[in-house]
Structures are given as structure tokens and as C-alpha cells.
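Okay, so here's the structure we're looking at.
Below, all heavy atoms of this structure are taken into account, side chains as well, without hydrogens, waters or symmetry copies. Whatever order the structure lists them in is the order used to number ligands and atoms, beginning at 1.
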Amino acid sequence: MIYDLYYHNDFDGRAAAAIMLAFLRSRGDDVEHFAALGYEMADQYTKENFFAEHKFFKGKRNPAIVVDFAFHPKAAWWFDHHPTTFKKESWRRKFKSTKYWHYEPKYESCCAEVAAVLKNDFGWEGPAHFKELIRWGDYLDGAHYRSVREVMELRSLGTQIDAFVDRYATDPKRTGKPFIEMLAAKPLREIVRLPAIQHTVTQVLKNRKAALGYYRKHMLVAGRVGYVDLSRKDFEKMRFAGYYFHPSLLYMVRILKKGGLFQISVGQNPWRRKESRVNIGDLMKKYGGGGHQGVGATETKTKKAAEKVAKEIVAYLETKSN
Ligand SMILES: [Mn+2]
């Protein structure tokens, strides 16, 4: 059987896709098209005929396999671990656990979920190097970074691979089919040493230096809350940069430019989780946005509105961080 493989546009999505690909090929099946999915395309994805009508590729559409992304009732195989996976109430009702549809929020990564399902339900175990792939999938998807320096200075195998995926997320020649085939075939420790990846790491660190200079100059601190307006800058997101300079901060509030909109992005210091008493997702809901316990966002049409929201949130979080 020939399938099309859709995966969330991040490291975990690709790792899950790689495991699925190895499994399919081991039983004589294969994948014709590979497509990365992002939440910015939720409007398209939530259409009933998404798989037949999207423009990711031309030609014949094969049965769809979706990993690490929202539920779709037309998917032949589907795996996800995100608690926000059901985008429509009617789709939530359509979902039932079957041999081919798997929703397992207990897994920190979808690659771990896929490997466990294939082992338990299909009696298949991949090559030994998948252990390492899954370990890094859990680590990155769960943001278990040991320190802010590990992330900011790309000090580990996982953060280096992740920087490469992030930098070329929309370049399928670099992070599409060939990359997924590589993840399926080789240990990560070998992949990370490739010149293309090490070159990207050097580049990212160089760009980061400039962005960090801007942060250092423009970031404001109120109590244990950091605030920076990045809406005029085309920086990579660097959601942890505030903690790099001020490790004692509990929260960061940033204004970013997203398409034509202004996004107010709020995060909790992941190295000080225990000290935080605010559910950021709930807080952002009050401003028409959403998120999880540790991170959330909302959007405004104008810069002025974004500044007003950001100011209110900074003041509120300051009262909660003494
Ligand atoms: Mn994931």
C-alpha cells in the first residue's frame, strides 16, 4: 500500500514520521508524498476534504497518515499526543480508539507514542537507534532542557538538531523526505555531525548574538517579569532569551509580529516552574487567546492594542511573582 505522510512541522513530527516510514517499508508499504503541517493552516486543515483539496502536492492522493498533528476524520492512520488535538466538537465525537487512530496524551512525544503503538498493536520494533531518537523527541517536545545556556548556546545534540529543523522548517529539500529518511536510517549522533547541520548551528549562533544584543538593550524588567517588544525585528523567536540574562525571572511577555497581526506571547520560566502560580493559558483566554499551563498567546490588530494588553499582563504577573 502507498500512503501520503503528514507530520507536525517540528522535530517530534519528523521523528514520528521516520518511525512510521521505517515500519511501513519493513512490511512492503511505502510513502509517496511527505507534507509538514503547522497550526497556522488550521483553517484549511479543518475542512472535511482537506486531504483531497490541499495544494501541498499535485497528482494522486493516497490514503493519509497523520502524526503529531490534530485529529482529522479522513485520516487512514492518525497519531497525536496534544491535548488540543480536537479542533471541532463534531470531530471529537467522531473519534474512537481503533487500530489506526491513536490519541495518547500521556506521551511526551508523538515519536514515543508511535513506537509504543507499533510495538504493542503490530508487534514491530524498529532499529536500535530509535531509542536515542525517542529520548531526544521526549526531551525536546517536553522542553526538558537542563539549562538556559544549553538552549541558547546549542550545547547538546538535541538542541543542535532542533535548530536545524527550525531554521529550515519550510524547506522540504532540507527537512522533508531526505531528512525523514535519514532519521529512519541513521543514529542522531551521526546525523548531527553532518557539515550541513554544523554549518547551520554556527550560523544560528551568529544570528543569535545580534538578537541577544537587542534583547539586552530593549528588554524591561518589572519585578520578576520580563517584557520586550520584538515586533519591528525579524528575529528568530528565542523564547528563552530573557532568562539567559535574568535567570531569576518567572515570566516573559513579548510582542511579536505574526503575518499582519501583533502577537502577545507569554511564557513561564521552564527552570522555575515550581515557583509559578499562574495558568498562562487561562490568563490568555481572558484576552481572546489560549495556550497551556506554561505558555500562551493572543493577537491584536494594532500595535497600540498589543502594548495595552502586554502592559496589563506584565502588571498582573508582577503581582503574582513576589
Ligand atoms: Mn509532538
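At a cut-off of 2.8 Å, H81 is counted among the residues with an N, O or S atom near the Mn ion (ligand 1).
Cation-pi contact between K99 and F122: present, with separation from the ring centre below 6.0 Å and deviation from the ring axis of at most 45°.
Of all N/O/S atoms in D68, OD1 sits nearest the Mn ion (ligand 1).
Using cut-offs of 30° and 60° on the angle between ring planes, the pair W136 and Y139 is perpendicular.
An angle of 90° is found at the Mn ion (ligand 1) between D141 atom OD2 and D12 atom OD2, rounded to 10°.
Grouping the Ile, Leu, Val, Met, Phe, Trp and Tyr side chains by contacts below 4.5 angstrom, directly or via other members, places L37 apart from I180.
E89 has a carboxylate O that lies under 4.0 Å from a charged side-chain N of R92, or vice versa, which qualifies the two as a salt bridge.
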